[in-house]
Amino acid sequence: MGEWKEYKLGDICDLLDCLHKTPKYSEDGFPMVRVTDVKNGYLEIMNCLKVNEDVFNAFSKNYQPKIGDIVFTRVGSYGLSALVKRHERFCIGQNTSLIIPKKIYPEFAFYYLISTDARQQIDGLVGGSTQPTISMQSIRKIIFPFPPLPEQKAIASVLSSLDDKIDLLHRQNKTLEAMAETLFRQWFVEEAEESWEDILLGDIADINPTYKLKKGEVASYLEMSNVSNSTFNPSGWTKREFSSGMKFQNGDTLLARITPCLENGKTCFVTFLDEDEIGWGSTEYIVIRMKQPFHPFISYIIARDKDFREFAISTMSGSSGRQRASANVIKEFDLKLPPAPIIEELNNHLAGIVPKLEINSNQIHTLEKLRDTLLPKLMSGEVRIEL
């Protein structure tokens, strides 16, 4: 790597630990970032639990996270990083820490922390008999490559430009989803008339429809961990030999039925399979497929609807920590059946929205693959940027 040097994280960054106690959460107040709020390099501040001002001040330790700081998870899902990109007031919660770059370009530090090389180091530093944990002392030992500052900035600029495009596409999709959800609630819920027929979800949708997939057949597999709690598109999928699990195809909605995935909103609208391909995943999915004449995306809108989610969560049963919603109960969700013209109008709107969602998600997938290919090459010096 020529003139590149190496430093330990503790020599080039400050490190702030969380307060080691369980906070009391509030309905309103200040966001507290926990391990579950660190997603794919970004903070999901909107979904954070809230704490009051006293708890906020105690956990803040007289420091307000700034743009360029890095939230780093330490326990359980350890080693996840998220770069602070906006002026947002929050405090770090239990099992997280804050890395504050001092002698290294912040975005370069962040991208190295999510690289394969850094991940291998982090895995080697983890301890803990019950929960995997990386200590503050171990975090300080992570070795960083240290090219000259202009090169750090150039590398970060290439990677961040890709991430900015990915972020823009994600935000466009969230807007499109919100439009679809607003139309559904307006026409199917808020403006529903007493004269409309009372129906159940099972009347207009197939719950856990039957698909055939031979044991040992290689097919697309979707991990529960890759299902988002904020958008229809999963973060990735793999090919795997079918053993046992829920089967699905394009146009189906996957609803996580187990705690805490259901409460957290994990839901997917399947668009990533090849034509006529059958995919599969966890037995903890409930598969929903709309019947004619309803647009397939309505299954996703219903699964994301607040009334439906409250119903589904209220019906969960089982032992503590392993509670589940039942497909047989889910199909009993009450709805009003709009007249055919309203159904047709919503279908027409969705026919314009869903292709845009799919185009954006395909672009996201392509850009993420490019970024993930470039990242290790840039961080190792295998690919250099002309300054």
Side-chain angles (χ1 to χ4, degrees), residues 30-50 65-71 80-90 106-107 110-111 114 156-186 222 225-237 253-254 256 264-272 295 297-306 309 346 349-372 374-375:
F30 301 93
M32 172 174 281
V33 170
R34 302 165 300 146
V35 174
T36 54
D37 302 313
V38 180
K39 304 284 187 182
N40 300 319
Y42 297 96
L43 298 176
E44 293 197 346
I45 298 290
M46 289 180 61
N47 296 322
C48 288
L49 295 177
K50 303 290 197 304
K66 298 176 176 62
I67 291 175
D69 291 347
I70 301 165
V71 178
L80 303 177
S81 301
L83 185 69
V84 179
K85 289 194 166 187
R86 287 181 277 273
H87 290 291
E88 295 175 300
R89 292 195 71 190
F90 68 89
E107 287 190 349
F110 162 70
Y111 282 113
I114 65 173
S157 177
V158 170
L159 295 170
S160 64
S161 66
L162 292 172
D163 273 336
D164 287 345
K165 292 175 184 176
I166 292 168
D167 184 48
L168 175 62
L169 291 167
H170 274 303
R171 285 188 280 116
Q172 287 178 356
N173 274 3
K174 285 184 179 181
T175 299
L176 290 167
E177 284 189 35
M179 289 170 55
E181 291 165 9
T182 298
L183 289 171
F184 172 81
R185 282 202 63 84
Q186 177 185 342
L222 180 61
S225 60
N226 287 343
V227 177
S228 174
N229 59 9
S230 60
T231 186
F232 84 99
N233 191 41
S235 59
W237 53 92
T253 288
L254 308 181
N264 291 343
K266 280 184 172 286
T267 316
C268 169
F269 182 67
V270 181
T271 63
F272 57 86
H295 191 284
F297 197 68
I298 293 176
S299 61
Y300 176 79
I301 300 172
I302 292 174
R304 296 283 302 169
D305 183 72
K306 61 181 182 180
R309 301 204 76 85
L346 180 59
H349 279 282
L350 294 178
I353 290 173
V354 173
K356 294 176 184 175
L357 287 169
E358 294 182 22
I359 290 169
N360 285 351
S361 67
N362 290 336
Q363 289 183 15
I364 289 168
H365 187 59
T366 299
L367 290 169
E368 286 177 339
K369 285 180 67 176
L370 176 59
R371 178 201 59 200
D372 295 343
L374 280 174
L375 179 59

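Everything quoted here is computed from the prediction, not taken from an experiment. Each residue takes its place number in the sequence, starting with 1. Any value given below was found using the heavy atoms of this structure, including those in side chains, with hydrogens, waters and symmetry copies removed.
Closest approach of Glu368 to Ser235, counting heavy atoms only: OE1-O, 4.3 Å. Between Asn229 and Arg304 the shortest heavy-atom distance is O-NH1, 3.1 Å. Contact detail for Asp37 and Met32: the closest heavy-atom pair is OD2-O, 3.4 Å. When every heavy atom of Leu367 is checked against every heavy atom of Leu169, the shortest pair comes out as CD1-CD1, 3.9 Å. Residues Leu350 and Pro355 approach most closely at O-CD, 4.0 Å, considering heavy atoms. Among all heavy-atom pairs drawn from Val354 and His295, the shortest one is CG2-CE1, 3.6 Å.
Residues Ile45 and Val33 form a side-chain contact, since some pair of their non-hydrogen atoms from C-beta on lies under 4.5 Å apart. Residues Pro234 and Phe272 are in side-chain contact: their nearest non-hydrogen atoms beyond the backbone lie under 4.5 Å apart. Taking the side chain as every heavy atom from C-beta outward, Leu370 and Lys165 never approach each other to under 4.5 Å. Put simply, the side chain of Leu374 reaches to within 4.5 Å of the side chain of Leu162, judged on heavy atoms. Put simply, the side chain of Ile70 does not reach to within 4.5 Å of the side chain of Val84, judged on heavy atoms. Two residues are said to be in side-chain contact when any heavy atoms from C-beta on lie closer than 4.5 Å; Ile359 and Lys356 fail this criterion.
The backbone N or O of Phe232 lies less than 3.5 Å from a partner atom in the side chain of Glu177, making a donor-acceptor pair. Put simply, the side chain of Asn362 gets close to the backbone of Glu358: a donor and an acceptor are under 3.5 Å apart. Listed for the Arg86 side chain is no donor-acceptor partner under 3.5 Å among the backbone atoms of Ile67.
Between the OG1 atom in Thr366 and the CD1 atom in Ile166 there is a gap of 10.0 Å [rounded to 0.5 Å]. Taking CD of Gln363 as the reference point, atom CG of Asn173 lies at 9.5 Å (rounded to 0.5 Å).
Here the rule is side chain to side chain contact (heavy atoms under 4.5 Å, CB included) with Cys268, and of Asn226, Leu222, Thr231 only Leu222 fits it.
Using the six-membered ring where Trp is involved, Phe269 and Phe297 have ring planes that are perpendicular, over 60° apart on the 30 and 60° scheme.
Annotation for Lys369: atom NZ does not count as buried by contact number, only 12 or fewer foreign heavy atoms lying within 6.0 Å.
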